[in-house]
Protein chains: 2
Amino acid sequence: MQDTTDRPYHHGDLRRALIDTAMAMLHEDKGWQFTLREVARRAGVSHAAPYKHFPDKASLLAEMALLGFDRLHKAMTTAKPNRPHSWRDEFLAVGQAYVDFGTSNPGLYRLMFSAEAGNARDVHLSERALAPLGVVIALLERGQAEGLLRQRVVRGRAAACWAQVHGITMLTMEGLFQLEKVGPNPLDAALATLLEGLEN
Amino acid sequence: MQDTTDRPYHHGDLRRALIDTAMAMLHEDKGWQFTLREVARRAGVSHAAPYKHFPDKASLLAEMALLGFDRLHKAMTTAKPNRPHSWRDEFLAVGQAYVDFGTSNPGLYRLMFSAEAGNARDVHLSERALAPLGVVIALLERGQAEGLLRQRVVRGRAAACWAQVHGITMLTMEGLFQLEKVGPNPLDAALATLLEGLEN
DNA sequence: ACCTGAACACCGTTCAAGT
DNA sequence: ACCTGAACACCGTTCAAGT
């Protein structure tokens, strides 16, 4: 349903429109393997128009991944526990927010972590990918300062948290954490194990 | 370099040849996003020939993923610690074998865990994907029996191990565990955290 | 029983030309 | 400054026809 009438030739802000359209398409079957031509089609422009705003498809994907990391970062920083405010509650809230972000945006999350998509992961993207890790590092430092956590090198522990939570997210996304043999609450079990590895 | 002379028309075992060729192509840039036509080309047959052995590309990929899970399973069961034979050594050896398998076969590993590739992950594939998990479950049961591990629901702890090790593997593959900010030995740190979460 | 060649409906990307 | 249309070199998949 495109209005081809009110934008006779020049699209107001095609760049943003393309990103928005592609972001929406991420929620469909093919994930980030959508077609650039289809994006253009839905944005109401010719299939050549996107090339005036992005050198190629990979560049569009890279920009979208960047956006994704920003959103993940925001999801983690705005995550708050329901009621009490113990360190442990906050930690679990952040972990849950991370997993929720991934499982409710599987297409975007896969894109963010696919070196395959935007061919080479450039420095810019890698830097932005580490912002979420910064949240975890700060959280662990506070936990150690409060004497709740074992005294271990924080960056190493943060890496462990990241890997754990990334693994949970991906396996859930692939449907492998919903299988009987894996047990009833793999997510809770994984987070509990992680906490037992961190706490005093 | 195809011998088109000695196989004038009928290829002896084209099915296997296609799988082998595709498996080899997994190690190239595009990973499992290789082209079916290119597989046929390298196998020395027409681009239509593969369709006599696989209904579509997704079926070929599914078969390859199955093979991958078998190999991963074997890598885990044949993993042995260097010298001593404590439970802990064995656990670490299995974990390391898992990560090594993934990082040295990134194309295959990504394929195994991409619901995107073989469209729907069928029951067959999911079952085979759980064989590696079985190894971990057995390992944890022994550790608990020997009184080394906390008494927790084994399947839950096994899920935690899987997620941890899967996360490590993927983040390493994507190059995110080689970044300075993540620290010097994220892999070791992650495995150490996992062990501290399991052990008494 | 197994393979080929031509064909169909697509892609990503480029580029001269239009507004 | 921004967009289009035709073109190029590809895909995956199908199907009548060949051996």
Side-chain angles (χ1 to χ4, degrees), chain A residues 2-22 25-26 28-65 107 111 114-120, chain B residues 2-22 25-26 28-65 107 111 114-120:
Chain A
Q2 290 305 132
D3 256 39
T4 47
T5 48
D6 56 349
R7 301 185 200 122
Y9 203 90
H10 286 68
H11 191 294
D13 191 355
L14 182 53
R15 185 168 220 281
R16 174 167 301 276
L18 290 170
I19 292 177
D20 291 346
T21 307
M25 262 189 278
L26 239 30
E28 299 172 14
D29 305 331
K30 303 190 301 172
W32 59 263
Q33 290 204 53
F34 57 75
T35 276
L36 202 48
R37 284 173 107 110
E38 178 67 20
V39 177
R41 224 171 275 134
R42 296 200 195 181
V45 294
S46 80
H47 61 260
Y51 288 89
K52 297 297 152 185
H53 300 273
F54 303 95
D56 50 24
K57 188 186 173 186
S59 300
L60 207 208
L61 290 175
E63 189 119 348
M64 293 165 72
L111 168 58
S114 303
E116 288 170 314
N119 40 13
Chain B
Q2 290 304 132
D3 257 38
T4 48
T5 49
D6 56 349
R7 299 185 199 122
Y9 203 89
H10 284 69
H11 191 294
D13 191 356
L14 182 53
R15 186 168 218 282
R16 175 167 301 276
L18 289 171
I19 292 177
D20 291 346
T21 307
M25 262 189 277
L26 238 30
E28 299 173 15
D29 305 331
K30 304 190 302 172
W32 59 264
Q33 291 204 50
F34 58 74
T35 275
L36 202 48
R37 285 173 106 111
E38 178 68 20
V39 177
R41 226 171 273 136
R42 296 199 196 182
V45 294
S46 80
H47 62 260
Y51 288 89
K52 297 298 152 185
H53 300 272
F54 302 94
D56 50 24
K57 188 186 172 187
S59 301
L60 208 209
L61 291 174
E63 190 119 348
M64 293 166 73
L111 167 59
S114 303
E116 289 171 313
N119 41 12

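Taking only side-chain nitrogens and oxygens, His47(B) never comes nearer than 4.0 Å to OP1 or OP2 of dG5(C). A sub-4.0 Å separation between OP1 or OP2 of dG5(C) and a side-chain N or O of Arg37(B) is absent.
Here dC11(D) is the nucleotide among dC11(C), dC11(D), dC15(C) with the atom lying nearest to any side-chain atom of Arg41(B).
In this structure a side-chain-to-backbone donor-acceptor pair under 3.5 Å is present from Lys57(A) to Phe34(A).
Summarising the geometry of Leu14(B) relative to Ala49(B), their closest heavy-atom pair is CD2-CB, 3.9 Å, with the distance given to 0.1 Å. When all heavy atoms of Leu111(A) and Ala65(A) are compared, the closest pair comes out as CD2-N, 4.1 Å. Here the closest non-hydrogen pair linking Val39(A) and Thr21(A) is O-CG2, 4.0 Å. The minimum heavy-atom distance between Tyr51(B) and Leu36(B), with the atom names listed, is OH-CD2, 3.6 Å. Scanning both residues, Phe54(A) and Leu18(A), for their nearest heavy atoms gives CE1-CD1, 4.0 Å.
Salt bridge Glu63(A)/Arg15(A): present, at least one basic N to carboxylate O contact under 4.0 Å.
Per the geometry, NZ belonging to Lys52(B) stands 10 Å off P belonging to dA16(D), to the nearest Å. We find that CG of Asp13(B) is positioned 15 Å from C1' of dC3(C), with the value rounded to whole Å. Distance, Gln33(B) CD to dG12(D) C1': 14 Å, rounded to whole Å. In this structure, Leu36(B) places its CG atom 5 Å from P of dG12(D), rounding to the nearest Å. The distance from atom OH of Tyr51(A) to atom P of dG12(C) is 6 Å, rounded to the nearest whole Å. Between Leu60(A) atom CG and dT13(C) atom C1' there is a gap of 14 Å when expressed in whole angstrom units. With rounding to whole Å, Asp56(A) atom CG is found 14 Å from dC11(C) atom C1'. Look at NE2 on His53(B): it is 8 Å from C1' on dC3(C), rounded to the nearest Å.
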>> Taking Watson-Crick (N1-N3 plus N6-O4 or O6-N4) and G-U wobble (N1-O2, O6-N3), each under 3.5 Å, can you produce the dot-bracket string of DNA chain C? Use [ ] for crossing pairs and | for inter-strand ones.
In response: ||.|||||...|||||.||
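Contacts of Lys57(A) with the nucleic acid, taken as non-hydrogen atoms under 4.0 Å apart, involve only primed sugar atoms and P, OP1 or OP2. If you check every strand for non-hydrogen atoms under 4.0 Å, Thr35(A) touches sugar and phosphate atoms only.
Comparing Glu38(B) and Ser46(A), the nucleotide of DNA chain D nearest to each residue sits closer to the 5' end for Ser46(A).
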